[in-house]
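Comments concern the structure below.
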Amino acid sequence: MESSGKYWIPVFNALEKADINVCLTHPKYVKAIKGKKTDKKDAKWISELFKCDLVRSSFIPPPDIRQLRDLCRYYAKLTYMCSSEKNRAQNCLTVCNFKLDAVFSDVFGKSASRITEKLIEHGNADFDVAPLVDGRCKATIEEIKAALDGELTFEQSERLKFIRQHMEQLNDLKSALENLIICLAEKYQPQITLLLTVPGISEPLTAIRILAEIGADMSVFETAKKLVSWAGLSPQNNESAGKKKTTRIARAGAYLKPLLVQCALAVSSSDKHPELKNKYQALKKRRGGKKATIAIARKLLTAIWHMLSKNEAYNAVLYRNADKPPVARVLTATQAVAFLRSKGFLIVDEETSEVA
């Protein structure tokens, strides 16, 4: 059957409970001929392709992994909603001529939050700022006062109150959801322990979110390259007449890819794993920072595939040995002649003028 939106899920669940092996495929791989498309003809065309073994089966994880994936994706949605609310709160301050982002690295830190509460109470900066500012703040009191040269209107003040209230509710919901996710993922504790050894993965929730996307059984992916391509981290192979038209990555992995990119960014600036940091710096010089980050994310996912397949922890020595230049090989005269002949060269003996 082909996947179409969410409509395939009830049918898939019913067939799965009946112990029927379902081959779910993407519609773009089984499109019928243009101009002859009906539901009956599509079903007949898919059956013909399946009999010829031309239907690609999509990766469908087990039911418990699917439930865990839904919760983890809901957690990601809540994170996105928190970011949106922060942007709205920043907009409230900006339209009222408050530039807290110019003097604070985090507008929602302790010092900036205390100042924002005072602004909501007074509507302007007619209060002493010094007791509210933490000693670690790099900006001076004069610079902070200059950034508060504005007036918070009643409408924006009420809007800011609602935004802050919604953010508190979202944070409470995220905390409760995180506890539920960790509780449901206890059966995969051995795999989570392995993933915590991967560079850039320092929290159990990050490991659980990765595990919820790819599953614990790596036998469904024949090789690490198949997993990397499924996650949308593999460059396109679009070449014609010896020219590469594009090497863009696919849009797949909407939840897994950003997570691996965050891990790659953390590793690229850390000295704890020089094998990955040095690789990032070398690629950044030639291809740019964005492509280098994707390459490091691809290396991390490749390592995860091998770790879950072999049930082994991350081993940095293997990566360091792989990055070493190959040892120069010394060829004998016979081997050199055989090598040149395999490349299409003619070896002529100067004394006898014979072609070897």
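In this chain, numbering begins with 1 at the start of the sequence shown.
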Calculate, to the nearest 0.5 Å, the distance between atoms NZ and CD belonging to Lys277 and Gln281 respectively.
6.5 Å

Grab the two heavy atoms, one from Ala207 and one from Leu195, that are nearest each other, plus how far apart they are.
O-CD1, 3.4 Å

Would you please test Arg114 and Glu117 for salt bridge (Lys or Arg N to Asp or Glu O under 4.0 Å) and show each step?
CA-CA 5 Å; Arg114 288 193 289 261; Glu117 292 176 0; over 6 Å; no

For atom CG of Asp128, decide whether the heavy atoms of other residues, nucleotides or ligands shown that lie under 6.0 angstrom number more than 12.
yes

Kindly state each residue pair satisfying salt bridge (charged side-chain N to carboxylate O under 4.0 Å, His left out) with at least one member in residues 180-194, sequence neighbours excluded.
Asp64-Lys187

So CD1 of Ile210 and CD1 of Ile201: to nearest 0.5 Å the spacing works out to 3.5 Å

Within one Ile-Leu-Val-Met-Phe-Trp-Tyr cluster: Tyr188 and Phe59, side-chain cutoff 4.5 Å:
yes

Just one of Gln165, His166, Arg159 clears the side chain to side chain contact (heavy atoms under 4.5 Å, CB included) bar with Ile163, so which one?
Arg159

Within the structure provided, determine whether Glu312 and His306 are in side-chain contact (heavy-atom separation under 4.5 Å).
no

Report the C-alpha separation of Leu227 and Ile214 in whole Å, then their side-chain angles, then the decisive distance to 0.1 Å, and conclude whether the side-chain contact (heavy atoms from CB on, under 4.5 Å) test is met.
CA-CA 8 Å; Leu227 175 59; Ile214 65 176; 3.9 Å; yes

Please check if the number of heavy atoms outside Glu203 that lie under 6.0 Å from its CD is greater than 12.
no

Whether Gln335 side chain and Thr332 backbone form a donor-acceptor pair below 3.5 Å
yes

Check whether more than 12 heavy atoms from other residues, nucleotides or ligands sit under 6.0 Å from atom CH2 of Trp305, and answer yes or no.
yes

Set out, in order, the CA-CA distance, both residues' side-chain angles and the distance that settles side-chain contact (heavy atoms from CB on, under 4.5 Å) for Tyr255 and Lys77, then state yes or no.
CA-CA 10 Å; Tyr255 293 90; Lys77 290 292 185 180; 3.1 Å; yes

Would you indicate whether the side-chain heavy atoms of Asp134 and Lys110 approach each other to under 4.5 Å?
no

Cluster overlap Leu211 with Tyr74, hydrophobic side-chain contacts below 4.5 Å
yes

Is the closest side-chain heavy-atom distance between Lys291 and Pro235 below 4.5 Å?
no

Please answer: with hydrophobic residues joined when any side-chain heavy atoms are less than 4.5 Å apart, are Leu265 and Tyr314 in the same cluster?
yes

Worked verdict on Glu85 versus Arg164 for salt bridge (Lys or Arg N to Asp or Glu O under 4.0 Å)
CA-CA 8 Å; Glu85 291 295 342; Arg164 290 166 62 88; over 6 Å; no

Which heavy atom of Met218 sits nearest a heavy atom of Gly215, and at what distance?
CE-O, 3.4 Å

Co-membership, hydrophobic cluster, residues Leu177 and Leu68, 4.5 Å side-chain:
yes

Which residue, Leu233, Thr223, Val228, forms the side chain to side chain contact (heavy atoms under 4.5 Å, CB included) with Thr302?
Val228

Short side-chain to backbone donor-acceptor contact, Glu143 and Thr140, under 3.5 Å
yes

Are Val220 and Ile60 side-chain neighbours, meaning at least one heavy-atom pair lies under 4.5 Å?
no

Sidechain-backbone polar pair: Ser157 side chain, Thr153 backbone, donor-acceptor under 3.5 Å:
no

Of all heavy-atom pairs between Cys23 and Ser57, which one has the smallest distance, and what is that distance?
SG-CB, 3.7 Å

Show the nearest heavy-atom pair for residues Gln90 and Asp101, with the distance to one decimal.
NE2-CG, 3.4 Å

Just by distance, do the side chain of Lys17 and the backbone of Phe12 share a donor-acceptor pair under 3.5 Å?
no

Hey, does the side chain of Thr25 reach the backbone of Val55 with a donor-acceptor pair shorter than 3.5 angstrom?
no

Locate the shortest heavy-atom distance separating Leu152 from Cys96; write the atom from each residue and the value.
CD1-SG, 3.6 Å

Between Leu160 and Met167, is there shared hydrophobic-cluster membership here, with clusters defined by ILVMFWY side-chain heavy atoms closer than 4.5 Å?
yes

Between Val267 and Tyr280, is any pair of side-chain heavy atoms under 4.5 Å apart?
no

Does Val103 form a side-chain contact (heavy atoms from CB on, under 4.5 Å) with Cys137? I'd like the steps, not just the answer.
CA-CA 9 Å; Val103 291; Cys137 183; over 6 Å; no

Determine, for Arg66 against Glu16, whether the closest basic-nitrogen to carboxylate-oxygen distance falls under 4.0 angstrom.
yes

Ser202 vs Leu196, side-chain contact (heavy atoms from CB on, under 4.5 Å): CA-CA, chis, key distance, verdict:
CA-CA 6 Å; Ser202 58; Leu196 288 175; over 6 Å; no

Taking Gly289's backbone N and O only, do any of them form a donor-acceptor pair with Thr293's side chain (distance below 3.5 Å, no angle check)?
yes

Just how far is it from atom NZ of Lys279 to atom OG of Ser268, taken to the nearest 0.5 Å?
14.5 Å

Determine whether Pro199 and Cys263 make a side-chain contact, defined as any pair of heavy atoms from C-beta on separated by less than 4.5 Å.
no

What distance do Leu184 atom CG and Ile208 atom CD1 have between them, rounded to the nearest 0.5 Å?
9.0 Å

Residues two or more places apart in sequence or in another chain: which of them pass salt bridge (Lys or Arg N to Asp or Glu O under 4.0 Å) with Asp149?
none

If the condition is salt bridge (Lys or Arg N to Asp or Glu O under 4.0 Å), which residues does Arg251 pass it with, not counting sequence neighbours?
none

Check: Lys257 side chain, Ala252 main-chain N or O, donor-acceptor pair, under 3.5 Å
yes

Let me confirm one number: the CD1-CG distance from Ile182 to Leu71, rounded to the nearest 0.5 Å.
12.0 Å

Hey, is the main chain of Asn87 close enough, under 3.5 Å, to the side chain of Asn91 for a donor-acceptor pair?
no

Looking at SG of Cys82 and CG of Leu173, how far apart are the two atoms once the value is rounded to the nearest 0.5 Å?
9.0 Å

Under a 4.5 Å cut-off applied to non-hydrogen side-chain atoms, are Phe127 and Leu119 in contact?
yes

Leu132 vs Ser111 side-chain heavy atoms within contact, under 4.5 Å
no

Sidechain-backbone polar pair: His273 side chain, Glu275 backbone, donor-acceptor under 3.5 Å
no

Would you indicate whether Asn21, at its atom CG, is surrounded by more than 12 heavy atoms from other residues, nucleotides or ligands within a distance under 6.0 Å?
no

Would you indicate whether Tyr7, at its atom OH, is surrounded by more than 12 heavy atoms from other residues, nucleotides or ligands within a distance under 6.0 Å?
no

Taking all heavy atoms of Val107 and all of Ala112, pick out the closest pair and write down the distance.
O-CB, 3.0 Å

Side-chain donor or acceptor of Arg287 paired with backbone N/O of Ala292 under 3.5 Å:
no

